[in-house]
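Throughout, protein chains are lettered first and strands after them, A, B, ... in sequence-line order, and every chain is numbered starting at 1. The figures here come from the full heavy-atom set of this structure, side chains too, leaving out hydrogens, waters and symmetry mates. Keep in mind that this is a model prediction, so the values were computed, not measured.
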Protein chains: 2
Amino acid sequence: MRIGELSERTGTPRRLLRYYEEQELIVANRCANGYRDYDERFVDRVMQIRGLLDAGLPTRIIKQILPCLDKPRVIYFPDATPEMIATLEHQRDRMTARVECLIRNRDAIAEYLEVVRGTNA
Amino acid sequence: MRIGELSERTGTPRRLLRYYEEQELIVANRCANGYRDYDERFVDRVMQIRGLLDAGLPTRIIKQILPCLDKPRVIYFPDATPEMIATLEHQRDRMTARVECLIRNRDAIAEYLEVVRGTNA
DNA sequence: TCGAACCATCACATTGATGTGAGGGTCAAT
DNA sequence: ATTGACCCTCACATCAATGTGATGGTTCGA
């Protein structure tokens, strides 16, 4: 598929798909005429990127963790340098902290909503 | 306490404490000489702000949800307009989505790390 | 062959969260 | 009274993510 379809199917502006490519989060094939050519897997991949961006991870970090998230678990051990592992562990812990913070605050919001609803009902 | 102490105790640059005030996330008292004056509660409050920012929420949204997160649950119903409630519900759902995305990806990272560790052990 | 609807690159603008520094008060200790 | 360590405001700079538009090539159907 071309960039327009991927854009529609992921709800992502073309501009951003090109930007993600520039940041090396995705690598598109090119047709003979220079058009980008994506296969189905890019839909999930792009949604994953958007979710992570939305959750506060910068592209630089996403680029580092994406390669180890591929579905058919293919691990290229050459990539698994000690530094890489340390980075991943660090990011894993940061994500856990984020999750806790989000849950804590979301629950507080939910509780507030319930009190308000209960009072107004 | 003054801004320097709050900065140290929260690990937040003074610049940012002033920025949060400018964005109306916090409102500092002023001493006679114009210095900002914070009490203990600002420590938690600032950490909460930082956590939410780190989790990808913009100050504009944080400003909206903060008032309903105060510990001694004090609900000012004048604030609880239908729009406000709708906003809160929307943010609550977005936060849930973020949590799910983060957990999914964090677990994938953790799994990767375990496989790598297992293989190298 | 012409126009619509794609695609490309390039470049400049904006927004939000920050960094940094200038220019200048306050205050406590010397 | 001076110095050092605070504080103030203001303003410009930066960075990442994103918007927007200029300029031009490709494809396809009327």
Among all residues two or more places apart in sequence or in another chain, which pass the salt bridge (charged side-chain N to carboxylate O under 4.0 Å, His left out) test with [X]?
| X | value |
| --- | --- |
| B/Glu89 | A/Arg117 |
| A/Arg104 | none |
| A/Arg36 | A/Glu21 |
| A/Glu40 | A/Arg9 |

Using a 4.0 Å heavy-atom cut-off, write out nucleotides 19-29 of chain C from 5' to 3' as B (base contacted by protein), S (sugar-phosphate only) or - (no contact).
BB----BBS--
Determine whether [X] and [Y] make a side-chain contact, defined as any pair of heavy atoms from C-beta on separated by less than 4.5 Å.
| X | Y | value |
| --- | --- | --- |
| A/Leu16 | A/Arg50 | yes |
| A/Met95 | B/Asn105 | yes |
| A/Met1 | A/Val43 | yes |

Taking CD in B/Glu8 as the centre, count heavy atoms belonging to other residues, nucleotides or ligands within less than 6.0 Å. Is the count above 12?
no
Listed partners of B/Asp93 passing side chain to side chain donor-acceptor pair (under 3.5 Å), at least two apart:
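Per chain and number, B/Asp93 pairs via side chain to side chain donor-acceptor pair (under 3.5 Å) with no residue.
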Contacts of type side chain to side chain donor-acceptor pair (under 3.5 Å), residue A/Thr96, not counting sequence neighbours
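Checked A/Thr96 against side chain to side chain donor-acceptor pair (under 3.5 Å); matches are B/Arg106.
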Whole angstrom is fine here: how far is it from [atom1] in [X] over to [atom2] in [N]?
| X | N | atom1 | atom2 | result |
| --- | --- | --- | --- | --- |
| B/Asp54 | C/dT18 | CG | C1' | 14 Å |
| A/Met1 | C/dC7 | CE | P | 12 Å |
| B/Arg60 | C/dT14 | CZ | P | 18 Å |
| B/Ile49 | C/dT18 | CD1 | P | 11 Å |

Is A/Arg98 salt-bridged to B/Asp54, cutoff N-O under 4.0 Å?
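Yes, A/Arg98 and B/Asp54 are salt-bridged.
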Listed in order of residue number, which residues of residues 91-102 of chain B have a non-hydrogen atom at under 4.0 Å from DNA chain C?
none
Return all side-chain donor-acceptor pairs below 3.5 angstrom for residues 57-69 of chain A, not counting sequence neighbours, or 'none' if the list is empty.
{"residue": "A/Lys63", "atom": "NZ", "partner": "A/Glu24", "partner atom": "OE2", "Å": "3.3"}

Taking heavy atoms of chain A and a 4.0 Å limit, find me the 5'-most and 3'-most nucleotide of DNA chain D within that range.
D/dA16 to D/dT27
According to ring-ring contact (aromatic ring centres under 6.0 Å, His included), who are the partners of B/Tyr20, at least two apart in sequence or on a separate chain?
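Applying ring-ring contact (aromatic ring centres under 6.0 Å, His included) to B/Tyr20 gives none.
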Residues in contact with DNA chain D, drawn from residues 17-29 of chain A - heavy-atom cutoff 4.0 Å
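Those residues are A/Tyr19, A/Tyr20.
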